[in-house]
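Take a look at the structure below.
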Amino acid sequence: MPHCEHVKERIGRLPLNFVADAGYGSEENYAYLEAEGVDAYVKHGEFFRECHNRKWREDEMRVANWEYDEESDEHTCPEGKTLVFLKESSRVSELGYESVVRVYECESCSGCPRKAKCSKSASPDTPKRIQVNPALNAFRRRASEMLHTEIGSALRKKRSVDVETVFGDIKRNLGFTRFTLRGLEKVTLEWRLVATGHNIRKLFLAESKKRKAMAGAAAQERLFFLPLRGKP
């Protein structure tokens with residue numbers, strides 16, 4: 001998904017409230033919006049399951065549900081095994097944003113009854129490793145809190161009508177699922193043509209519906225005032 005900075009280039013100054021789907025819920029975008037002083041009502045990849053999947057949300061095998069000691073910087077799994085800090089790993093995006101992931105390793109997984117469920121490794125001697133992104137987790141928690149506020153709920157509902165319906169109509173009914181041009185300028189032009197066609201179609205349908213309603217009302221009026229025929 002494009003970085004929010006690209007969105008800013010297309011629409012100018014970003015609004016005070018930025019609403020987007022989970023495809024934009026990256027650490028890079030959250031950090032950029034925060035730096036711009038914008039409230040990010042942006043879903044993240046786990047938001048839907050947070051809201052609708054209680055089994056996943058309360059799964060004790062989720063690392064997010066494991067006990068964490070901030071002072072010793074250690075995680076504890078459901079079996080009471082300690083995972084100590086091992087190293088930091090940096091990742092740099094295509095746009096140059098660097099995110100830091102902290103890697104933790106279990107001191108010993110030997111004899112653990114949940115080894116098969118917890119680790120993908122077939123070797124019983126391979127210790128469990130987890131990767132934690134503190135910055136992204138903090139951004140996700142903040143986004144979830146904001147999305148559940150009164151304003152956040154209203155913006156989510158509005159977006160589902162203003163945006164998703166239009167995308168669904170254009171992709172499904174008009175069959176536009178892929179850009180034929182390349183480059184930001186050409187793609188922007190192509191999208192404007194598609195949007196213009198969509199808007200003209202909406203105006204045509206609205207006007208047709210209005211005329212049909214007016215014609216129906218006129219027909220009813222003529223029937224009401226139709227003179228009676230026959231002998232008095």
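Side-chain atoms are counted along with the backbone in the values below, which use heavy atoms only and exclude waters and symmetry mates.
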Please determine whether the number of non-hydrogen atoms from other residues, nucleotides or ligands lying under 6.0 Å from atom [atom1] of [X] exceeds 12.
X      : atom1 : answer
Glu94  : CD    : no
Glu79  : CD    : yes
Phe48  : CZ    : no
Glu150 : CD    : no
Glu88  : CD    : yes
Arg49  : CZ    : yes

Are [X] and [Y] close enough that some pair of their side-chain heavy atoms sits under 4.5 Å apart?
X      : Y      : answer
Arg114 : Lys128 : no
Tyr68  : Asp73  : yes
Met61  : Cys118 : yes
Asp21  : Arg159 : yes
Phe204 : Lys209 : no
Leu86  : Tyr104 : no
Ile151 : Tyr41  : yes
Thr188 : Glu185 : no

*Counting distance only, does the side-chain N/O of Arg182 pair as donor-acceptor with the main-chain N or O of Phe179 below 3.5 Å?*
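Checked: pair present.
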*asked:* Determine whether Glu190 and Thr180 satisfy the following criterion, side chain to side chain donor-acceptor pair (under 3.5 Å), listing intermediate values before the conclusion.
replied: CA-CA 8 Å; Glu190 186 175 5; Thr180 58; 2.9 Å; yes
Using the rule that Ile, Leu, Val, Met, Phe, Trp and Tyr join whenever any side-chain heavy atoms are under 4.5 Å apart, tell me whether [X] and [Y] fall into a single cluster.
X      : Y      : result
Tyr30  : Val38  : yes
Val194 : Leu189 : no
Tyr97  : Val100 : no
Trp66  : Val132 : yes
Val187 : Phe167 : yes

_Can you confirm whether the side chains of Glu27 and Asn133 place a donor and an acceptor under 3.5 Å from each other?_
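A pair is found: one side chain offers a donor N or O, the other an acceptor, under 3.5 Å apart.
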*Do you know which two heavy atoms are closest between Leu33 and Ala40, and how far apart they sit?*
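Shortest heavy-atom contact: CD1-CB, 3.6 Å.
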_Which atom of Asp59 lies closest to which atom of Asn65, heavy atoms considered_ = O-ND2, 2.7 Å
*asked:* Could you walk me through whether Val166 and His198 satisfy the side-chain contact (heavy atoms from CB on, under 4.5 Å) test, starting with their C-alpha distance in whole Å, then the side-chain angles of each, then the deciding distance to 0.1 Å, before giving a yes or no?
replied: CA-CA 8 Å; Val166 175; His198 172 79; 3.7 Å; yes
Look up atom [atom1] in [X] and atom [atom2] in [Y], then write down how far apart they are to the nearest 0.5 Å.
X     : Y      : atom1 : atom2 : answer
Ser89 : Gln131 : OG    : CD    : 6.5 Å
Ser26 : Leu136 : OG    : CG    : 8.0 Å
Glu34 : Asn29  : CD    : CG    : 12.5 Å

_His44/Ser144 under side chain to side chain donor-acceptor pair (under 3.5 Å): CA gap, chis, key distance, verdict_ = CA-CA 8 Å; His44 51 79; Ser144 294; 2.8 Å; yes
*asked:* Once you measure the plane-to-plane angle for Phe47 and His148, does it fall in the parallel (<30°), tilted (30-60°) or perpendicular (>60°) bin?
replied: tilted
*Between Phe176 and Trp191, how do the two ring planes meet: parallel, tilted or perpendicular, split at 30° and 60°?*
tilted
Pair [X] + [Y]: basic N to acidic O under 4.0 Å:
X      : Y      : answer
Arg57  : Glu50  : no
Lys81  : Glu107 : no
Lys202 : Asp169 : no

*Going through the checks in order, is the side chain to side chain donor-acceptor pair (under 3.5 Å) test met by Thr82 and Glu74?*
CA-CA 7 Å; Thr82 302; Glu74 295 176 347; 4.8 Å; no
